[in-house]
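For reference, the structure discussed in these notes is given below.
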Number of protein chains: 2
Amino acid sequence: MKPKDFDLNEFLPYLLNQAAEVSGRAFQRVYKDRYGMLRTEWRVLCHLGQFGPMTAHDIVRAAQSHKTKVSRAVAALEHKRFVVRETLQRDRRYASLQLSPAGRRVYADLTAIAQAYDAKVMARLEPSAAAALKDALRQLAREPI
Amino acid sequence: MKPKDFDLNEFLPYLLNQAAEVSGRAFQRVYKDRYGMLRTEWRVLCHLGQFGPMTAHDIVRAAQSHKTKVSRAVAALEHKRFVVRETLQRDRRYASLQLSPAGRRVYADLTAIAQAYDAKVMARLEPSAAAALKDALRQLAREPI
DNA sequence: GCGTATTAGTTGAAAATGTAACTAACAAGG
DNA sequence: CCTTGTTAGTTACATTTTCAACTAATACGC
């Protein structure tokens, strides 16, 4: 009894990647065209807008993203004056990062669009499937395989 | 009545991306360590193994991938002697691509691992959630937003 | 046929990413 | 203090990806 043939369209990493690319493409244009931002920058900005001041290390942990990516994204956001950095006095290796007023405006603008965008993506699925999908994704993202 | 605050952990493109990265990372090491292949190469090889001879253009369409990525992946696979190219005589712009015997062996090897890997990833979810997840992902990947 | 438009695929330069080595600050043991 | 080790974050370099321009082959309109 030979093993069932491989089916690419049943291979979860492939499906995840395709869905992520398709669903991310259109929104990418938003932050890119409006603010010249990369995905890593959008992510950092989003974390700071959402969770308030935090260090680069915190973002690395929360976003499961590499520290060089975060470092460069922070530098770019600082250069755009969307983020302010303040070295912590109790441990000068750390810097507390937070959004500037301009950064908060960008955050408000982009998240409003993001919410509408999310609704549009979700509209392609049955409501029950949509909720289950997000649960499953969070489960998968929780820890490495 | 103000709109609900944005929640990154409800934003589908972000969740998809996180899950895709986490679930792809470990398998990436497999084809990289064993055959020095990139993800684009694995994808092309996979399409050829699965669907038989096809042109680069076919792969671009099936994988929703950029033509330069495919072009370079094909060149690399040809260089590794995993893929053979044959210009079509009825339209010499096209080349039919197919796996060499060595390429088929690689395909067999990697897909066997991929199947086991997929099972492992899926094992983290309820069986019913798992099937629904794949359905939803296929739905999302079908067409651009 | 012949000029123009399309299409498949490649190539080169620029941008982004990953990897590894590095600096600076702190911690701990003596 | 002073060595050794660890951690936050940056930088340099190699690899990969993207973008735009290109070549070569075919299709189309006349």
Side-chain angles (χ1 to χ4, degrees), chain A residues 17-18 20-22 24-26 28-29 31-33 35-44 47-48 53-80 83-98 144, chain B residues 17-18 20-22 24-29 31-33 35-44 47-48 53-80 83-98:
Chain A
N17 218 62
Q18 294 289 90
E21 265 179 42
V22 169
R25 208 131 38 192
Q28 183 161 42
R29 274 199 300 279
Y31 51 73
K32 188 172 172 201
D33 291 353
Y35 303 106
M37 282 167 59
L38 300 175
R39 188 164 61 207
T40 50
E41 295 170 46
W42 149 247
R43 272 214 262 213
V44 166
H47 274 83
L48 292 175
M54 56 200 299
T55 71
H57 185 68
D58 294 333
I59 298 175
V60 164
R61 233 172 330 113
Q64 297 195 184
S65 180
H66 202 271
K67 62 181 178 171
T68 59
K69 263 204 282 199
V70 172
S71 170
R72 288 198 259 245
V74 168
L77 290 171
E78 217 184 349
H79 184 252
K80 293 187 177 78
V83 161
V84 197
R85 177 195 313 243
E86 188 185 357
T87 303
L88 293 188
Q89 282 317 311
R90 62 173 171 76
D91 187 338
R92 297 208 314 288
R93 286 173 300 185
Y94 291 85
S96 166
L97 305 166
Q98 64 180 308
Chain B
N17 218 64
Q18 294 289 93
E21 264 180 42
V22 169
R25 228 166 340 229
F27 188 68
Q28 184 160 44
R29 275 199 299 279
Y31 50 75
K32 189 174 171 198
D33 291 353
Y35 303 106
M37 282 167 58
L38 302 175
R39 188 164 61 204
T40 52
E41 295 170 45
W42 149 244
R43 272 216 261 210
V44 166
H47 274 83
L48 292 175
M54 56 201 297
T55 69
H57 185 69
D58 294 334
I59 298 175
V60 164
R61 233 171 332 114
Q64 299 196 186
S65 180
H66 201 271
K67 62 181 179 173
T68 59
K69 263 203 283 199
V70 173
S71 171
R72 288 182 163 124
V74 168
L77 290 170
E78 217 184 347
H79 184 253
K80 293 187 177 79
V83 161
V84 197
R85 177 195 315 241
E86 187 187 356
T87 303
L88 293 189
Q89 283 318 312
R90 61 170 172 76
D91 186 338
R92 298 209 311 288
R93 286 172 300 185
Y94 292 84
S96 165
L97 306 167
Q98 64 180 308

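Just so we're on the same page: letters track the sequence lines, and every chain starts at 1. These figures come from a predicted structure and were not determined experimentally.
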Could you state the atom-to-atom distance from [atom1] of [X] to [atom2] of [N] in whole Å?
X     : N      : atom1 : atom2 : value
A/L38 : D/dT17 : CG    : P     : 16 Å
A/R90 : C/dC26 : CZ    : P     : 11 Å
A/H66 : C/dT17 : NE2   : C1'   : 10 Å
A/K69 : C/dT19 : NZ    : P     : 10 Å

Apply the test side-chain contact (heavy atoms from CB on, under 4.5 Å) to residues A/L77 and A/V44: give CA-CA distance (whole Å), side-chain angles for both, the deciding distance (0.1 Å), then the verdict. CA-CA 9 Å; A/L77 290 171; A/V44 166; 3.6 Å; yes
Is there side-chain contact between B/T55 and B/L97, with at least one heavy-atom pair below 4.5 Å?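 B/T55 does not reach B/L97 side chain to side chain.
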Can you identify which nucleotide, out of C/dT10, D/dA25, C/dA25, has its nearest atom closest to the B/D91 side chain?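 Of the options given, the side chain of B/D91 lies nearest D/dA25.
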Please determine, for the side chain of B/K32, which listed nucleotide (C/dT19, C/dT10, D/dT17) has the closest atom?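 In terms of side-chain proximity for B/K32, the closest of C/dT19, C/dT10, D/dT17 is C/dT19.
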Which is it for A/R92 and A/Q89 under the side-chain contact (heavy atoms from CB on, under 4.5 Å) test, yes or no, and what are the steps along the way? CA-CA 5 Å; A/R92 297 208 314 288; A/Q89 282 317 311; 3.4 Å; yes
Does B/K67 put a side-chain nitrogen or oxygen below 4.0 Å from OP1 or OP2 of C/dA8?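 Negative; the distance criterion is not met.
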If only side-chain N and O atoms of A/S71 are considered, is one of them under 4.0 Å from the OP1 or OP2 phosphate oxygen of D/dG9?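 For D/dG9, OP1/OP2 do not have a side-chain N/O of A/S71 under 4.0 Å.
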Should the pair B/E41-B/K80 be classified as a salt bridge under the 4.0 Å nitrogen-to-oxygen rule?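 So B/E41 pairs with B/K80 through a salt bridge.
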Salt bridge flag under 4.0 Å for residues B/E21 and A/R43: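 A salt bridge is present here (some side-chain N lies under 4.0 Å from a carboxylate O).
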side-chain contact (heavy atoms from CB on, under 4.5 Å), that's the test. Do B/L38 and B/K32 meet it? Break it down for me. CA-CA 6 Å; B/L38 302 175; B/K32 189 174 171 198; over 6 Å; no
Which is more 5' along DNA chain C, the nucleotide nearest A/T68 or the one nearest A/Q89? Just name the residue.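 Result of the comparison: A/T68.
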For DNA chain C, whose closest nucleotide is more 5', that of B/S96 or that of A/T40?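 Checking each residue's closest nucleotide, the 5'-ward one belongs to B/S96.
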Start with the C-alpha gap between A/W42 and A/Y35, add the side-chain angles, then the distance that decides, and say whether ring-ring contact (aromatic ring centres under 6.0 Å, His included) holds. CA-CA 10 Å; A/W42 149 247; A/Y35 303 106; 10.0 Å; no
So what does B/R85 hit on the nucleic acid, given a heavy-atom distance under 4.0 Å: a base, only sugar-phosphate, or nothing?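 Touches sugar-phosphate only.
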DNA chain D contacts among residues 72-80 of chain B, heavy-atom distance under 4.0 Å: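 Close to the strand are B/R72.
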Nucleotide N/O of nucleotides 4-7 of chain C paired with protein N/O under 3.5 Å:
| unit_1 | atom_1 | unit_2 | atom_2 | d |
| --- | --- | --- | --- | --- |
| C/dT7 | O2 | B/R93 | NH1 | 3.1 |

